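Encoded as structure tokens, the structure appears first; notes follow it.
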Amino acid sequence: DERMCEVWQPHTPGLFVGDHDFKPVIPCASAAHLYGKRRVSAEALTSFVLSWNENFRDFRHATVRHLLRGVTHLAFQSYTHAPDPDALPPGGCMGGYNGTPFTRLQTWWPHMPEFVSYLTRCERFLESGNPAQDVLWYLGDDVNHKPSERDDLFNNQYKYDYCNNDALMTRVDVKDGRLVFPDGMSYRVLWIPKGTFILPATEAKLAELEKKGARVIRGDLKPDWPAQIAIDGDLAWYERVEEDVHLYFVATRGAKPFRGKVAFRCGASIDLALEPGESRFIEV
């Protein structure tokens, strides 16, 4: 009933909890997109070892990197009621070693309304319209397929969703050359990477889709159509579409600011300046 993945902190790329493959997000987000579920929830800001110097800047950094991968709703891990008014701050959480201690005894607790307000605005924006994903990646008919999420497959210019056999066989159709789903999602191409195991029944379905006008690419995928977004620099982004309006959520990556031009496929182009950790909503 509730699609959920996980968001861990601290964010240390390539190392344990900071690695994209530690707790993948794209399988959960893809399942929601393909089956018409607007909300992608996440157990948020879990950790293994508490340092008691956690801060909103680090929280936002870890959270935003997952919002940019498809998460739309956060469930903090963990909130401690701390009903004893004489308890010593900052209070414990999950035995004092697991989770981020969201408790009224934290020194930063008075500032929680501003942090939650920011996250609420992000969540509301990211549940508008439908995700704009160009590539539908068919995972194949074997088991234990777990593609790595570490690599930027398309040079930060296109987004993709995974597709399973059930969705391919029962939910996808073709309209005006695009792969379409009953709940509004559509994709430009269906991609089947080299070495993907395909059953005969699936091959028959693929042939049917191609006959209807779908574009199926096997092996290497080098996009030959305009990018969803072209960026003069390093900027993370996520796109949704609501009717004829393109909604972009963009943010800096890491500790560096962003200064550069951003061009959108719809034809709009802007000069953008963001400080480290800063994000922005853009409608074009």
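All of these numbers come straight from a predicted model, not from anything done at the bench.
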Worked check of side-chain contact (heavy atoms from CB on, under 4.5 Å) between Trp237 and Phe264: CA-CA 11 Å; Trp237 61 278; Phe264 306 96; over 6 Å; no
Would you sort out whether Val189 and Leu136 count as a side-chain contact (heavy atoms from CB on, under 4.5 Å), showing the intermediate values? CA-CA 6 Å; Val189 300; Leu136 186 61; over 6 Å; no
Worked check of salt bridge (charged side-chain N to carboxylate O under 4.0 Å, His left out) between Asp134 and Arg265: CA-CA 12 Å; Asp134 267 16; Arg265 185 158 59 195; 2.8 Å; yes
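At a cut-off of 3.5 Å, with distance as the only test, no side-chain donor of Tyr138 or Asn164 sits close to an acceptor on the other residue. A donor-acceptor pair shorter than 3.5 Å cannot be found between the side chains of Glu114 and Ser117. Between the side chains of Glu278 and Thr252, no donor N or O sits under 3.5 Å from an acceptor N or O. A side-chain donor-acceptor contact under 3.5 Å links Thr100 and Gln9.
Other residues, nucleotides and ligands place more than 12 heavy atoms under 6.0 Å from the CG atom of Asn53. Counted within 6.0 Å of CG on Asp152, heavy atoms from surrounding residues, nucleotides or ligands total more than 12; the atom is thus considered enclosed. Other residues, nucleotides and ligands contribute more than 12 heavy atoms inside 6.0 Å of the NZ atom of Lys205.
At a threshold of 4.5 Å between side-chain heavy atoms, the hydrophobic network of Ile, Leu, Val, Met, Phe, Trp and Tyr places Phe281 and Leu74 in one connected group.
At least one donor-acceptor pair closer than 3.5 Å links the side chain of Arg240 to the backbone N or O of Leu126. Ser30 contributes no side-chain N or O that, together with a main-chain N or O of Pro27, makes up a donor-acceptor pair within less than 3.5 Å.
Listed here is the closest heavy atom pair of Arg280 and Leu272: NH1-CD1, 3.7 Å.
Here CG of Leu68 is found 9.5 Å from OH of Tyr238. Values are rounded to the nearest 0.5 Å. For the atom pair Gln228 CD and Tyr248 OH, the distance stands at 7.0 Å (nearest 0.5 Å).
A salt bridge links Glu127 with Arg39: the distance from a Lys NZ or Arg NE/NH1/NH2 to an Asp or Glu carboxylate oxygen falls below 4.0 Å. Here Asp224 pairs with Arg215 in a salt bridge; the nearest charged N to carboxylate O distance falls below 4.0 Å.
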